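Heavy atoms only: backbone and side chains are in, while hydrogens, waters and symmetry mates are out. From a predicted model like this one, the values you see are computed outputs, not experimental measurements.
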Amino acid sequence: MDEPDDNPLAQIYQHIIETDPGLAGDASLPDRLERAYAHAVGLGFTDGDAIDRFLRYEATAPNFYRQPAIDAWLRAPGQPVEQRFADVLARVKSRLRRD
């Protein structure tokens, strides 16, 4: 991965491993983040904060966005993808609180 100053993805990676040093030992993390970033952009993400959150979830829940229900929700027409992603996060958090 490029130096953090040269690449926003590298900046996010750096922040993730600073926040959770245990992830620094995950050799698959840089590749997973690159794939998740490409996927997010392909879905239509344009908001940097939403992309950052998407990648942070990928760091701790590998391939979360490939789960059929999440993938279908993110691809649903109507709302911008960033809003659909926020809705998914809200539903997950709500379910976690209930359980």
Heavy-atom closest pair (Ala27 atom, Pro30 atom, distance to 0.1 Å) is O-CD, 3.5 Å
Residues at least two apart in sequence or cross-chain that pass side-chain contact (heavy atoms from CB on, under 4.5 Å) with Gln79, listed by chain then number, are Gln83, Arg84, Asp87
With sequence neighbours left out, the residues meeting ring pair (Phe, Tyr, Trp, His ring centres under 6.0 Å) with Tyr37 are none
Salt bridge (Lys or Arg N to Asp or Glu O under 4.0 Å): pairs with one or both residues in residues 61-71, sequence neighbours excluded:
Asp71-Arg75
Kindly write out the residues that satisfy side-chain contact (heavy atoms from CB on, under 4.5 Å) with Ile16, not counting sequence neighbours, or none if the list is empty.
Ile12, Leu23, Leu29, Leu33, Arg56, Ala59
Partners meeting side-chain contact (heavy atoms from CB on, under 4.5 Å) with Ala36 (sequence neighbours left out)
Phe54, Leu55, Glu58, Tyr65
Please list, chain by chain and in numerical order, all residues satisfying side chain to side chain donor-acceptor pair (under 3.5 Å) with Thr46, sequence neighbours excluded.
Glu82
Atom pair CD/CD of Gln11 and Gln14 - distance to nearest 0.5 Å
9.5 Å
Heavy atoms only: give me the nearest Phe85-Ala50 pair and the separation to one decimal.
CE2-O, 3.9 Å
